[in-house]
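We number each residue from 1, following the sequence as shown.
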Amino acid sequence: MQLTKRQAAILEIVKRDGPITGEQIAEKLSLTRATLRPDMAILTMAGLIEARPRVGYFYSGRSINRLAAEKLHQMKVGEVKSVPTVVHEQCSVYDAVVTMFIEDVGTLFVVKENGLLEGVVSRKDFLKITIGGHDIHKLPVGVIMTRMPNVVTTTADETVWSAAKKLISHEVDALPVVRPVEGVKGALEVIGRFSKTTATRILVELGEES
Ligand code: ADP
């Protein structure tokens with residue numbers, strides 16, 4: 001968030017002299033209360049200052065970075081996840097590559113008939129297999145995928161910050177969003193996808209808000 005000169009001046013006054021009324025701030029800046037109103041609204045909505053009736057404005061103690069961090073810690077994967085692209089284990093490598101192109105994704109989640117997660121297959125897996133001289137029409141993706149329990153996953157109620165950290169620390173492009181299946185130990189149903197694109201979109205949206 002980029003503050004205007006006047007907003008920065010107001011913030012400084014509120015930091016130093018708060019609680020302070022709008023009238024007093026206007027006086028200090030030699031401006032009218034009406035002129036300041038939009039700036040006060042922006043600073044209040046951004047959470048940088050707070051208004052208390054009959055007391056006035058005071059500094060919230062939160063920096064712009066702090067506010068962005070709070071947002072990332074509050075936002076849940078379930079709110080931002082996208083639709084997963086899935087294939088079955090028996091799907092040929094050829095068909096999986098075609099699916100990847102059609103769906104315009106870099107990672108496919110491999111599931112059982114009932115939608116339960118079995119593995120993940122990505123561009124690098126396909127590149128590797130093309131070097132091996134295999135018949136990609138016959139070879140099933142199940143042979144080349146990264147298999148459970150080695151798949152890094154996320155859940156709808158995990159924070160966006162925590163899921164994004166997993167992408168970085170495990171050096172992968174996408175995580176399946178999963179939901180444990182009641183009564184079936186270790187079974188995970190795929191309900192979405194959280195990818196580097198999702199994370200980048202959030203970053204852009206945070207930037208637009210500022
Ligand atoms: P790319 O193949 O485009 O570089 P990744 O970096 O995501 O994409 O994948 C690298 C390797 O990690 C591949 O072997 C892939 O099967 C595996 N992989 C991808 N996503 C995951 C995940 N969520 N959990 C575990 N392994 C993954």
With a 4.5 Å limit on heavy-atom distance, are the side chains of [X] and [Y] in contact?
| X | Y | result |
| --- | --- | --- |
| Val86 | Leu108 | no |
| Val14 | Ile25 | yes |
| Lys71 | Leu206 | yes |
| Arg6 | Leu36 | yes |
| Leu167 | Phe194 | yes |
| Thr155 | Val177 | no |
| Met75 | Val80 | yes |
| Thr153 | Leu175 | no |

On a heavy-atom basis, which atom in [X] and which in [Y] lie closest, and how many Å separate them?
| X | Y | result |
| --- | --- | --- |
| Ser60 | Gly47 | OG-O, 2.6 Å |
| Phe109 | Pro84 | CD1-CB, 3.8 Å |
| Thr21 | Val55 | CG2-O, 4.4 Å |
| Ala174 | Arg193 | CB-NH2, 4.1 Å |

- Task: Please name all residues satisfying salt bridge (charged side-chain N to carboxylate O under 4.0 Å, His left out) with Glu158, sequence neighbours left out, ordered by chain then number.
- Result: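 Here the qualifying residues are Lys166.
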- Query: Does Arg123 have any salt bridge (charged side-chain N to carboxylate O under 4.0 Å, His left out) partners at least two apart in sequence or in another chain, and if so, which?
  - Reply: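 Only Asp173 meet the salt bridge (charged side-chain N to carboxylate O under 4.0 Å, His left out) criterion with Arg123.
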Out of curiosity, [X] [atom1] to [Y] [atom2], how far, rounded to the nearest 0.5 Å?
| X | Y | atom1 | atom2 | answer |
| --- | --- | --- | --- | --- |
| Tyr57 | Ile13 | OH | CD1 | 13.0 Å |
| Leu188 | Leu117 | CG | CG | 6.0 Å |
| Leu3 | Glu12 | CG | CD | 10.0 Å |
| Ile42 | Leu11 | CD1 | CG | 13.0 Å |
| Ile49 | Arg52 | CD1 | CZ | 13.0 Å |
| Gln90 | Glu113 | CD | CD | 9.0 Å |

Would you say [Y] ends up clustered with [X] if hydrophobic residues are merged whenever their side chains have heavy atoms under 4.5 Å apart, either directly or through other cluster members?
| X | Y | value |
| --- | --- | --- |
| Val93 | Val105 | yes |
| Val110 | Val172 | no |
| Met100 | Ile129 | yes |
| Phe101 | Val141 | yes |
| Val184 | Val190 | no |

Donor-acceptor check, side chain of [X] to backbone of [Y], threshold 3.5 angstrom: yes or no?
| X | Y | value |
| --- | --- | --- |
| Arg147 | Gly142 | yes |
| Asp125 | Ser122 | yes |
| Arg33 | Gln24 | no |
| Thr146 | Val151 | no |
| Thr200 | Lys196 | yes |
| His88 | Val111 | yes |
| Gln7 | Thr4 | yes |

Is the number of heavy atoms from other residues, nucleotides or ligands under 6.0 Å of [X] [atom1] greater than 12?
| X | atom1 | result |
| --- | --- | --- |
| Asp104 | CG | no |
| Glu171 | CD | no |
| Phe126 | CZ | yes |

- Task: Assess whether side chain to side chain contact (heavy atoms under 4.5 Å, CB included) is satisfied between Ile20 and Lys28, documenting all intermediate values.
- Result: CA-CA 11 Å; Ile20 181 167; Lys28 280 182 190 287; 3.7 Å; yes
- Item | Cation-pi geometry met for Lys15 and Tyr59 (6.0 Å, 45°) |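 Yes - Lys15 lies over the ring of Tyr59, closer than 6.0 Å to its centre and within 45° of its axis.
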- Between Thr35 and Thr32, do the side chains contain an N or O donor and an N or O acceptor separated by less than 3.5 Å?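 Thr35 vs Thr32: donor-acceptor pair found between side chains.
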- Message: Go through it in stages, so that I can follow the logic: the residues are Leu72 and Thr159, the test is side chain to side chain contact (heavy atoms under 4.5 Å, CB included), and I'd like the CA-CA distance, side-chain angles, deciding distance and then a yes or no.
- Response: CA-CA 7 Å; Leu72 291 177; Thr159 67; over 6 Å; no
- Message: Quick test of your reading of the model: are Lys76 and Asp157 salt-bridged, counting only N-O distances below 4.0 Å?
- Response: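 Salt bridge flag = no for Asp157 with Lys76.
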